[in-house]
S.K.: 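Just passing along the structure, written as structure tokens.
Per chain, numbering begins at 1; letters A, B, ... match sequence-line order. As the structure is a computational prediction, the values presented were derived from the model and not from experiment.
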Amino acid sequence: MEKESFPISHFQFSIFNFQLTCMEISKNFDHRAAAAQWYEHWNRAGYFHSEPDERKPYTIVMPPPNVTGVLHMGHALNNTVQDVLIRRAKMSGYNTCWVPGTDHASIATEAKVVGMLRENGIDKNTLTRDEFLSHAWEWKEKYGGIILQQLRKLGCALDWQRTAFTMDKEYYAAVIRVFVDLYNKGLIYRGVKMINWDPKAKTALSDEEVVHKQTQSKLCYVRYRIEDEADEWITIATVRPETILGDTAVCVHPEDPRYAHLRGKHCFVPLINRRIPIIFDEYIDREFGTGALKVTPAHDINDYNLGLKHRLAVIDTLNEDGTLSEAAGMYVGEDRFAVRKQIVKDLETAGYLVKEEPYSNQVGFSERTDVVIEPRLSMQWWCKMEDLAQPALEAVMNDTIGFYPPKFKNLYRHWMANIKDWCVSRQLWWGQRIPAWYDDEGNVYVAETEEGAYQQYKEKNPGASGSLRQEEDVLDTWFSSWLWPMQVFGWNESPDNPDLNYYYPTQTLVTAPEIIFFWVARMVMAGYEFKGERPFDRVYFTGIVRDKQGRKMSKSLGNSPDLLQLIDDYGADAVRLSVLISSPAGNDVLFDEAALDQGRNFCNKIWNALKLVKGWETRISETEDVQTPFALEWMDETINAATLRLKDWEGEFKLSESLKLVYSLIWDDFCSWYLEWVKPTPDSAVPKHVYDQTVSFFERLLQLLHPYMPFITEEVYHLLRTRATPEADLMTSLIPEMDYRHDGGVAATEAAILSEGAFLQEVITAIRDARIKNQLKSKDEIFLRIDTSHQGFYENVGAILKRQVNAGEITFTGTAQPGQIALVVKTDKIYIEASGGGVVDTTAQRAELEKELKYLHGFLGSVEKKLGNERFVQNAKPEVVASERKKQADAQSRIQAIEESLRLL
RNA sequence: GGGUGCUUAGCUCAGUUGGUUCAGAGUACUACCUUGACAGGGUAGGGGUCACCGGUUCGAGCCCGGUAGCACCCACCA
């Protein structure tokens, strides 16, 4: 099953890796090489494959794309999300299994094959069913499933050994079995109903496969002559004048005075002069058009219902390909739209056309072939849905199956509560052929095999020796995909097999809200009906990917970028970051290629951090570090806190927030702060434990990022230090469990370190800001005098602080000299003295401090007003009041400090 | 026609149980930086009456009602 998709062997890979570690790190991250090599490495190492074991499973079945499909942005988003969940679960100790596969997509594929045959000069109608199917299979083997290959480029950790297809032998059998089972339960029946007919695919469609579009039409007013009256007419309005030929009545409202005198009368259909009755029904909207409706029971669902009620004749004037039939009497064999134009002219010539006016209405189109649907009466197979829907509705409403975001529960409930029977037959060849056989009298026998059907026939007709003929129709594609979570684990082969028992119910389904009815709802129904169990615990709905202008990305608009090209240009990691980072659950994503720069730049940043750290490797000393213990503690706690938060967020599918957090953790906390704090001067060495700690921090960060950006993280992880064994890969490493909480007061010291770090950053930023505003160049050394109540803190971080702001000396005098720059950070007063002893212009300083003072007075005012409000003190929670009192105290001392500084200027 | 959701910085979007130390991110913008990881970068900065109008509350971006605009889903008005 595995195809050799990357040319580099494992042996070559090892050499490559060896060379890299010994060489200088390349200037930039080579995403092309890294992606190819690591994907192949993971695959060969067997990381993608899962077998049941003692660990807990984390299972996702991929929504199978059409076998005809190619990768587009929607897939990229959807599959990136799944890959993040899978990789994260793997690194959390779960036995992960992500099943890939494709859907046979009966209509889409058959259309594609028919088109291919036509190009080769073959007309489908000249082929037998078997001949056609062999062409279709040939096509599928050759071109089908390209999309699965493309998913490798994205980095998806799919269990390729489990790749499934909805027309696999066992899958096919499962579908047949389910059909027979439902038939025997009385839930499948055959009947003539008004269905949606696709004249291009020449098949029935379910209601869900019809898309309504606002369309500009013409509303034609046509007059019908009343019988027995010399010159009396009744005028109707229609947007489909060609259906006039199938009219079997004209209908008006019983209380419409305009037409009251016509009771019991008849009129004549124009052009063909068919005598039809004028009927009365309250269904009519008197306000619309002329208040008179032409009734064509064969070609409109409402008319059909009226026809049933008033026992009207049904005249089917259309052939299955959308041309007019013999029954039309005119224009026979001509296309419906050509006839629509022609008949208007003919009506006009003959004096029947009263007027035409432009009219905008909703018209149904085929989702697959995009042609206008014709309502048509025909014999189809149906599945009763009410009983199936009941448990499926409950499971979602009581959160046995969780929807994320939950807003889709309402949508689901509305549809399930108003569910209609499902038209499951399709007049196609590509698909599971309905297992029903007919005898010469037209009696039907449903069985899994022809032998079974024949046995039924013999039982019913003892001694008979006729032959049976199988139903020509196949089943709706969704009638097979609803079994997906069960059948990919071999439900049909054995409903009690170890795989199915272990992996089912699956943990998470990731899909688009567009197919909530097509697929999600029906999988839930099938799960309960056939397996007696939900198919998945949770459903994560991704948004719809749109272009910059907010339009849905689609092939027909041509606004979907070439994903493989993007991956090649920017790297899969960058593509993954850019689609994820702006895509919270259930919200649409406006995709802008500019967002890819952010991902690429981030890769570059990580790469450069690697280069920096690797550069220290040759400069390690055994000396004890006295400069940076605070930096080490702070980084450790910062990563701990982020790890905890990530676990929570990722569990709630807050992937975009999580990614932002890791992004900021690496770029801001690690690169901008930590590395600068511990970075040695050009001519000094790095204490060994600082180096070791730094590498270890880096590894922890790579772990947290790995689910989102697998390639660069694995690459950097291996370049960071030589791994003892080839199996020591980042992908299979476990993210350590944090066993304490930072926000619960349990870990006060940890929390203190974090807030001290934040304060230190605030001091550094304030001093740098002051330097810039006072044109003190960064290379000019300064002296700091600090007036503070916690001198110990400054002594602890003094080395870092001096380095970060290029200060030569820090003293704690408590007083200031004229010409110094005054700063107030929280309540600490910091005075900056230029090393040259030069006097700086304090005008800007003064203005700055005064602005701050003004703000603080305002702030203090609002806090004091609040505290002065008895009702606030009484009603608010004690901790809120306490926090307000602290704000008050802080503001007061800050005001005091600023005023003091101002006096000194 | 029915339903759901949205409206926060120029742009694309976060904002988790209502507390003015949360109005934030990324981009874009401004100034400075040819600093030994990184110009695909660094340091710092400006920028928003949280659509509009009321209400509940000591207190509203957050809760309730209404208005306007937008998006999507459902639907058999010719």
Side-chain angles (χ1 to χ4, degrees), chain A residues 25 27-28 194 207 212 219 236-240 243 251 283-285 287-290 292-296 300-305 359 361-362 364 375 407-408 410-411 414-415 418 513-514 516-517 544 546 548 550 552 581-584 586-592 594-595 597-598 600-616 648-649 652 654 656-657 660 663-664 671-672 675-676 679 681-682 764-766 768-773 775 777-779 826 858-859 862-863 865-866 868-877 879-881 883-884 886-887 890-891:
Chain A
I25 305 285
K27 184 171 188 317
N28 293 107
M194 184 69 72
D207 290 344
H212 291 90
L219 189 60
I236 57 87
T238 180
V239 291
R240 294 193 297 159
T243 62
C251 188
Y283 162 75
I284 299 300
D285 175 2
E287 306 302 315
F288 188 89
T290 60
L293 170 74
K294 65 187 268 313
V295 184
T296 323
D300 186 279
I301 180 67
N302 301 302
D303 294 13
Y304 177 66
N305 291 334
Y359 183 68
N361 64 338
Q362 294 277 344
K407 67 179 177 186
F408 290 111
N410 279 335
L411 193 63
H414 185 259
W415 190 74
N418 297 290
E514 302 165 289
I516 188 169
F517 308 133
I544 296 165
R546 302 172 178 282
K548 242 170 149 175
K552 192 168 155 181
I581 205 154
S582 56
S583 135
N587 281 24
D588 290 355
V589 184
L590 262 72
F591 187 79
D592 182 354
D597 288 333
Q598 191 186 355
R600 190 192 50 187
N601 294 350
F602 187 41
C603 286
N604 189 242
K605 189 72 182 177
I606 294 168
W607 194 254
N608 279 298
L610 169 72
K611 278 159 62 182
L612 175 68
V613 174
K614 285 301 277 185
W616 299 347
D648 290 346
W649 282 0
E652 297 165 43
K654 293 183 175 172
S656 113
E657 290 91 332
K660 280 178 191 165
Y663 178 90
S664 166
C671 293
S672 296
L675 287 179
E676 294 298 332
K679 186 196 255 179
T681 52
I764 292 170
T765 301
R768 284 172 176 167
D769 182 30
R771 290 187 80 119
I772 288 178
K773 290 202 169 114
Q775 274 109 40
K777 294 213 175 345
S778 51
K779 62 184 175 212
K826 290 251 180 351
F859 176 67
S862 77
V863 173
K865 187 177 163 195
K866 197 183 292 182
N869 184 334
E870 273 178 43
R871 287 200 280 180
F872 168 72
V873 181
Q874 278 169 5
N875 297 335
K877 284 178 285 189
E879 58 264 34
V880 173
V881 178
S883 119
E884 290 301 316
K886 182 168 187 318
K887 283 179 201 166
D890 287 352

S.K.: Answer whether the closest heavy-atom distance between the side chains of A:Y663 and A:Q598 falls below 4.5 Å.
M.R.: yes
S.K.: Under 4.0 Å, heavy atoms only, any strand: does A:K777 hit a base, just the sugar-phosphate, or nothing?
M.R.: nothing
S.K.: If I compare all heavy atoms of A:I581 with all of A:K660, which pair ends up nearest, and what's the gap?
M.R.: O-CE, 3.4 Å
S.K.: I'd like to know if the side chain of A:N608 and the backbone of A:N604 have a donor-acceptor N/O pair within less than 3.5 Å.
M.R.: yes
S.K.: For B:rG47 versus B:rA37, give the span between their C1' atoms, rounded off to a whole number of Å.
M.R.: 32 Å
S.K.: For A:N410, which contact category applies under a 4.0 Å heavy-atom criterion: base, sugar-phosphate, or nothing?
M.R.: nothing
S.K.: Both A:K605 and A:R768 contact RNA chain B. Taking the nearest nucleotide for each, which residue is further toward the 5' end?
M.R.: A:K605
S.K.: Can you tell me how far P in B:rA9 sits from the matching atom in B:rA14, rounded to whole Å?
M.R.: 12 Å
S.K.: Checking A:S656 against A:K654: is there a side-chain donor and acceptor pair closer than 3.5 Å?
M.R.: no
S.K.: Among B:rC74, B:rA78, B:rA37, find the nucleotide with the atom closest to the side chain of A:L675.
M.R.: B:rA37
S.K.: Can you tell me which nucleotide in B:rA78, B:rU16, B:rA37 comes closest to the side chain of A:A609?
M.R.: B:rA37
S.K.: With the side chain of A:E657 defined as its heavy atoms from C-beta on, choose the nearest nucleotide among B:rA14, B:rA78, B:rC76.
M.R.: B:rA14
S.K.: Between B:rA37, B:rG40, B:rA44, which nucleotide has the shortest distance from any of its atoms to the side chain of A:D769?
M.R.: B:rA44
S.K.: Output the single nucleotide from B:rU43, B:rA44, B:rC76 whose closest atom is nearest the side chain of A:S672.
M.R.: B:rU43
S.K.: When you look at A:K679 and A:E676, which way does the salt bridge (charged side-chain N to carboxylate O under 4.0 Å, His left out) test go after all the steps?
M.R.: CA-CA 5 Å; A:K679 186 196 255 179; A:E676 294 298 332; 3.3 Å; yes
S.K.: Between A:D303 (CG) and B:rC76 (C1'), how many Å, whole number?
M.R.: 9 Å
S.K.: Using the C1' atom as the reference point in each nucleotide, state the distance between B:rG15 and B:rA25 in Å, no decimals.
M.R.: 10 Å
S.K.: Does A:T765 have a side-chain nitrogen or oxygen under 4.0 Å from the phosphate oxygens OP1 or OP2 of B:rA44?
M.R.: yes
S.K.: Picking from B:rC76, B:rA78, B:rG45, which would you name as closest to the side chain of A:V239?
M.R.: B:rA78
S.K.: What does A:K294 touch in the nucleic acid at a heavy-atom separation under 4.0 angstrom: a base, only the sugar-phosphate, or nothing?
M.R.: nothing
S.K.: For nucleotides B:rC13 and B:rA51, find the distance between their P atoms and express it as a whole number of Å.
M.R.: 15 Å
S.K.: In whole angstrom, give me the gap between the P atoms of B:rU27 and B:rC74.
M.R.: 37 Å
S.K.: Using the side-chain heavy atoms of A:Y663, tell me which of these nucleotides is nearest: B:rA37, B:rA14, B:rU27.
M.R.: B:rU27
S.K.: Check every atom of B:rA75, B:rC74, B:rA78 against the side chain of A:L293 and return the nucleotide holding the closest atom.
M.R.: B:rA78
S.K.: Let me know, please, whether A:T290 or A:E676 comes out on the 5' side of the other along RNA chain B by nearest nucleotide.
M.R.: A:E676
S.K.: Given the P atoms of B:rU43 and B:rU35, what is the spacing between them in whole Å?
M.R.: 14 Å
S.K.: In terms of ring plane angle, is the pair A:Y359 and A:F288 parallel, tilted or perpendicular, where the classes change at 30° and 60°?
M.R.: perpendicular
S.K.: Between B:rC77 atom C1' and A:D300 atom CG, what is the distance in whole Å?
M.R.: 9 Å
S.K.: Going by heavy atoms in the side chains, are A:L411 and A:F517 under 4.5 Å from each other?
M.R.: yes
S.K.: B:rG46 and B:rC63: how far apart are their P atoms, nearest whole angstrom?
M.R.: 31 Å
S.K.: Looking at A:Y359, I'd like to know whether one of its side-chain N or O atoms comes within less than 4.0 Å of OP1 or OP2 on B:rA78.
M.R.: yes
S.K.: Nearest whole angstrom, please: distance from the C1' of B:rC76 to the CG of A:D207.
M.R.: 10 Å
S.K.: Do you know which two heavy atoms are closest between A:K779 and A:R771, and how far apart they sit?
M.R.: N-NH2, 4.4 Å
S.K.: Where each pair must be Watson-Crick or G-U wobble with both distances under 3.5 Å, what dot-bracket representation of RNA chain B is obtained, with crossing pairs in [ ] and other-strand partners as |?
M.R.: (((((((..((((.....[....)))).(((((.......))))).....(((((..]....))))))))))))....
S.K.: Tell me: CE of A:M194 to P of B:rC76, nearest whole Å?
M.R.: 12 Å
S.K.: Between A:R600 and B:rG40, is there a contact of a side-chain N or O with OP1 or OP2 at under 4.0 Å?
M.R.: no
S.K.: Looking only at atom P, what distance separates B:rG61 and B:rU8, rounded to whole Å?
M.R.: 15 Å
S.K.: Determine the contact category for A:Q362: base if any of its heavy atoms lies under 4.0 Å from a base atom, sugar-phosphate if only primed atoms, P, OP1 or OP2 are that close, otherwise nothing.
M.R.: base
S.K.: With rounding to the nearest 0.5 angstrom, report the NZ to CD1 distance, A:K777 to A:I772.
M.R.: 11.0 Å
S.K.: Is there a side-chain contact between A:V613 and A:L675 (heavy atoms, below 4.5 Å)?
M.R.: yes
S.K.: At under 4.0 Å, does any side-chain N or O of A:N601 touch on OP1 or OP2 of B:rC38?
M.R.: no
S.K.: So which nucleotide from B:rC73, B:rA44, B:rA14 ends up closest to the side chain of A:L411?
M.R.: B:rC73
